[in-house]
Amino acid sequence: MRKRHFAAVCVFALAAVLVRAPAAMAQGHFELSAAYGRWTLDLLKGQAEELFNDAAEEEIRDRILEDIQADYPYLNLVSYEQLLDFSSGGDDLRLGFRFYPAGQNGSFSLGLSVGKSTLKVTPAASAHMVLENTESSNEATFDGTADARAIIKAMTFLLTLRWDIFPSKAIHPYITFGGGVSTSKALDDSILAYSYTGTLSGEGVPTETYSGSEEKTLSELRDEALEEETDFPIPNFIPFVQLNVGLKARLTKSLHVLADVGVYNGFMGSLGAAYRF
C-alpha cells in the first residue's frame, strides 16, 4: 500500500511540473550539465592513516595469529606492530538538471543530478609480530606485508542548492551545497578486502611462509552483522554530502563551463559543461 501511495505522489508531482512547465519557462531558466570529477582522501592522509590503521590492525593481527597457531598452538602473541601507508582515489561521472527561478541572471538555483561514483581506499601495511614458545620460552617472529581495499561503487542521486555570485559576469564564482543517497545496489557492488603474506622464523620453528586473504561485499557484512546481532555502521542507502566552491565561465549565451573543488564524502575536484535554455 505504501508503494502505491508513493507512486501516486510521484505521478502527481510530475504532472504538476509538466502543467506548470510553460510558466516556468517564461519566468525562469533551465540548465542541463555534465561533469567529471576526481576523488581523494589524501588531503587528510595523516588522520586517514591513523583511522584505517586502528580499524584494520586487530583484524589483520588476529587473522595472522590464527593461521600461525593452527600449526603451532604453543606460540603465544607477545607484541604486534603495524605501519600503514595510505592511498586513495576515485572518480565521479554526473549528469544534472538545474532550475533558476529568477531567470538568466538569477543567483539561486535548485539542481537534481544522477552520477556513477567509484571511491577507492587502498592502504598498504608492514607487519611485525613477536611470539613466545610456551614450552621452551624461545621467541619467534613474523614479518610481512598486508594490503587492504575498500571500494565503494554507487549510483547516486543528489539534490543541491547553488548560489551564483555576480551571475551577470562572464566569469563568476559559485557555492553549491546539497546531499543525497546511493541506490541500495551499492551494498552489493562495494567491497572490503585484505590480503597478507610474510615469513615466520625463530628457534625451534622452521622458517615458513604464511599468506591469506578475504573479500566481502557490504551486503555480506551487513547480513553477518544481523546474524550476530551486532551494529553495522552503513545503512541500506549510502548517504552523500556535497559542499563545493567553483568558477563558471560563459562561452556563449547558452554554453557554460565549470570548475570546482570541495567536499564529497571526501574531497573532489571536477570539470563540467552546462547548456542553458
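The figures that follow rest on heavy atoms only: side chains count, while hydrogens, waters and symmetry mates do not.
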In one Ile/Leu/Val/Met/Phe/Trp/Tyr side-chain cluster, 4.5 Å: Leu65, Val205:
yes
Considering residues, nucleotides and ligands other than Glu203, do more than 12 of their heavy atoms fall under 6.0 Å from its CD? no
- Message: Under a plain distance cut-off of 3.5 Å, with no hydrogens placed, do Asn244 and Arg162 share a side-chain donor-acceptor pair?
- Response: no
- Task: Run the numbers on Glu31 and Lys248 for salt bridge (Lys or Arg N to Asp or Glu O under 4.0 Å), then give the verdict.
- Result: CA-CA 13 Å; Glu31 181 178 274; Lys248 192 172 189 179; 2.8 Å; yes
Q) Between the side chains of Asn105 and Ser168, does any donor sit under 3.5 Å from an acceptor? A) no
Q.
If hydrophobic clusters are built by linking Ile, Leu, Val, Met, Phe, Trp and Tyr wherever their side-chain heavy atoms come under 4.5 Å apart, do Phe142 and Leu77 end up in the same one?
A. yes
Note: Leu161 and Arg98 closest approach over all heavy atoms is C-NH1, 4.5 Å
Could you check whether Phe97 and Phe30 have their ring centres less than 6.0 Å apart? yes
**Heavy-atom side-chain proximity of Gln242 to Thr160 below 4.5 angstrom** = yes
Looking at Phe99, is its backbone amide N or carbonyl O close enough to the side chain of Ser109 to form a donor-acceptor pair, meaning the two atoms are under 3.5 Å apart?
no
Report task. Would you please test Val245 and Val261 for side-chain contact (heavy atoms from CB on, under 4.5 Å) and show each step? Result -> CA-CA 6 Å; Val245 295; Val261 294; 4.2 Å; yes
Are Arg94 and Thr156 linked by a side-chain donor-acceptor pair shorter than 3.5 Å?
-> yes
**Message:** Regarding Tyr264 and Ser117, do their side chains bring together a donor and an acceptor under 3.5 Å, going by distance alone?
**Reply:** yes
Scanning both residues in full, the closest heavy-atom pair of Trp39 with Lys120 reads CZ3-O, 3.6 Å
Residues Ala186 and Ser182: closest non-hydrogen pair is CB-OG, 3.6 Å
- Message: The test is side-chain contact (heavy atoms from CB on, under 4.5 Å); show your working for His172 and Asp164 and say whether it passes.
- Response: CA-CA 7 Å; His172 62 268; Asp164 287 60; 2.7 Å; yes
(request) Kindly indicate whether the side chain of Leu200, heavy atoms from C-beta on, has any atom under 4.5 Å from the side chain of Thr207. (result) no
Heavy atoms of Ile171 and Ala249 approach each other most closely as CG1-CB, 4.0 Å
Here the gap from Leu75 atom CG to Thr134 atom OG1, rounded to the nearest 0.5 Å, amounts to 7.5 Å
Kindly assign one of parallel, tilted or perpendicular to the pair Tyr74 and Tyr72, based on the angle between their ring planes and the thresholds 30° and 60°. perpendicular
Check: Do the side chains of Ile60 and Val121 join up, straight or via other hydrophobic residues, at under 4.5 Å, putting them in one cluster?
Finding: no
Self-check item: Residue pair Thr217 / Arg222, side-chain donor-acceptor N/O under 3.5 Å
Solution: no
Review point. Is Phe108 atom CZ crowded by more than 12 heavy atoms from other residues, nucleotides or ligands, each under 6.0 Å away?
Key: yes
| Heavy-atom distance under 4.5 Å between the side chains of Glu224 and Lys216, does that happen here? | yes
Is Leu221 reachable from Leu187 through a run of hydrophobic residues whose side-chain heavy atoms are each under 4.5 Å from the next? yes
Rounding to 0.5 Å, atoms CG (Asp92) and OG (Ser113) come to a distance of 8.0 Å
Exercise. Please determine, by modelled atom types, if Asp147 and Tyr196 share a side-chain donor-acceptor pair under 3.5 angstrom.
Key: no
Only one of Arg63, Glu215, Arg149 passes side-chain hydrogen bond (donor to acceptor under 3.5 Å, both in side chains) with Tyr194, and that residue is Arg63
Separation between CD (Gln69) and CG (Asp62), nearest 0.5 Å, reads 9.5 Å
Residues Tyr174 and Ala259: closest non-hydrogen pair is OH-O, 3.7 Å
Open item on the list: Grouping I, L, V, M, F, W and Y whenever their side-chain heavy atoms are under 4.5 Å apart, do Val263 and Phe177 come out in a common cluster?
Closed with: yes
*Row check, Tyr100 ring normal vs Arg276 NZ/CZ: under 6.0 Å, within 45°*: yes
**Request:** Just do the side-chain hydrogen bond (donor to acceptor under 3.5 Å, both in side chains) check on Ser270 and Asp260 with the steps written out, would you?
**Result:** CA-CA 6 Å; Ser270 64; Asp260 58 44; 2.6 Å; yes
Checklist entry - Would you say the side chains of Thr40 and Ser88 form a donor-acceptor pair under 3.5 Å? => result yes
*Verify the neighbour count for atom NZ of Lys116: are there more than 12 heavy atoms of other residues, nucleotides or ligands below 6.0 Å?*
yes
**Item:** Thr122/Phe86 under side-chain contact (heavy atoms from CB on, under 4.5 Å): CA gap, chis, key distance, verdict
**Value:** CA-CA 7 Å; Thr122 53; Phe86 183 83; over 6 Å; no
* Distance only, no hydrogens: is a donor on one side chain within 3.5 Å (strictly under) of an acceptor on the other, for Asp188 and Ser219? -> yes
(Q) Determine whether a donor-acceptor pair (N or O, by modelled atom type, separation under 3.5 Å) exists between the side chain of Glu81 and the backbone of Ala127. (A) no
So do Met129 and Ile64 actually touch side chain to side chain, heavy atoms under 4.5 Å?
-> yes
- Do the side chains of Tyr210 and Thr199 get nearer than 4.5 Å, heavy atoms only? no
On a heavy-atom basis, the closest approach of Leu192 and Ala150 is CD2-CB, 3.4 Å
* Asked: How about Leu258 and Leu247: do any of their side-chain heavy atoms sit closer than 4.5 Å?
  -> no
Side-chain heavy atoms of Tyr80 within contact of Val130, under 4.5 Å: no
Keeping Asn265 on the side-chain end and Ile238 on the backbone end, is there a donor-acceptor pair under 3.5 Å?
no
query: For Leu110 and Leu159, what are the C-alpha separation, side-chain angles and deciding distance, and is it a side-chain contact (heavy atoms from CB on, under 4.5 Å)?
result: CA-CA 8 Å; Leu110 179 67; Leu159 179 66; 3.8 Å; yes
Query raised in the report: Thr252 versus Tyr275: any side-chain heavy-atom pair under 4.5 Å?
Result: no
